Amino acid sequence: MVVSRRFDWIAASIGRIAQTVRGNLITENRQPYARYAVAEGLSPSQVLSEHTARNVGVAVSTYSLWEFVRLIAGASVVVEVVFAWPGVGQ
């Protein structure tokens, strides 16, 4: 039961991170520096790898760490509940 809850949390976290990546990539591709790089002759994949991915990576790493903390905090709640049962952990 705990494993399925953990899987649900992980799947939901992956979905939220994917939404964050998509939203940030769209925002960064609309920035003037990205449009300027395309105007200078860089291909869209070069703009992505050399310019926008760096800025998106900062936000995604921060968000991923918060999701990890949330996952750990949920595990601590489960441990507290189990050890609150009479006869367990005494």
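What you see is a predicted model, and the numbers here were worked out from it, not measured in a lab. FYI, the numbering just counts along the sequence from 1.
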Open item on the list: I need the minimum non-hydrogen distance between R35 and R30, along with the two atoms involved.
Closed with: NE-O, 3.4 Å

Task: Residue pairs fulfilling salt bridge (Lys or Arg N to Asp or Glu O under 4.0 Å) with at least one residue in residues 39-51, sequence neighbours excluded - done: none

- [ ] State the CG-CD1 distance between N29 and I26, to the nearest 0.5 angstrom.
- [x] 8.5 Å

- [ ] Any pair with a residue in residues 18-27 that passes side-chain hydrogen bond (donor to acceptor under 3.5 Å, both in side chains), sequence neighbours left out, goes on the list, sorted by first then second residue, please.
- [x] none

Per-pair distances, 0.1 Å, donor-acceptor, side chain in residues 56-63, under 3.5 Å, sequence neighbours excluded:
| unit_1 | atom_1 | unit_2 | atom_2 | d |
| --- | --- | --- | --- | --- |
| S61 | OG | G57 | O | 3.1 |
| S61 | OG | V58 | O | 2.9 |
| T62 | OG1 | V58 | O | 2.9 |
| Y63 | OH | E67 | OE2 | 3.4 |

- [ ] Starting from L42, walk the hydrophobic network (Ile, Leu, Val, Met, Phe, Trp, Tyr; side-chain heavy atoms closer than 4.5 Å) and list everyone else you reach, by chain and number.
- [x] V38, V47

Task: Residues which pass side chain to side chain donor-acceptor pair (under 3.5 Å) with N55, listed by chain and number, not counting sequence neighbours - done: E28, Y33

- [ ] Spell out, yes or no, whether I14 and W66 are grouped together once hydrophobic residues are joined by side-chain heavy atoms under 4.5 Å, including indirect joins.
- [x] no

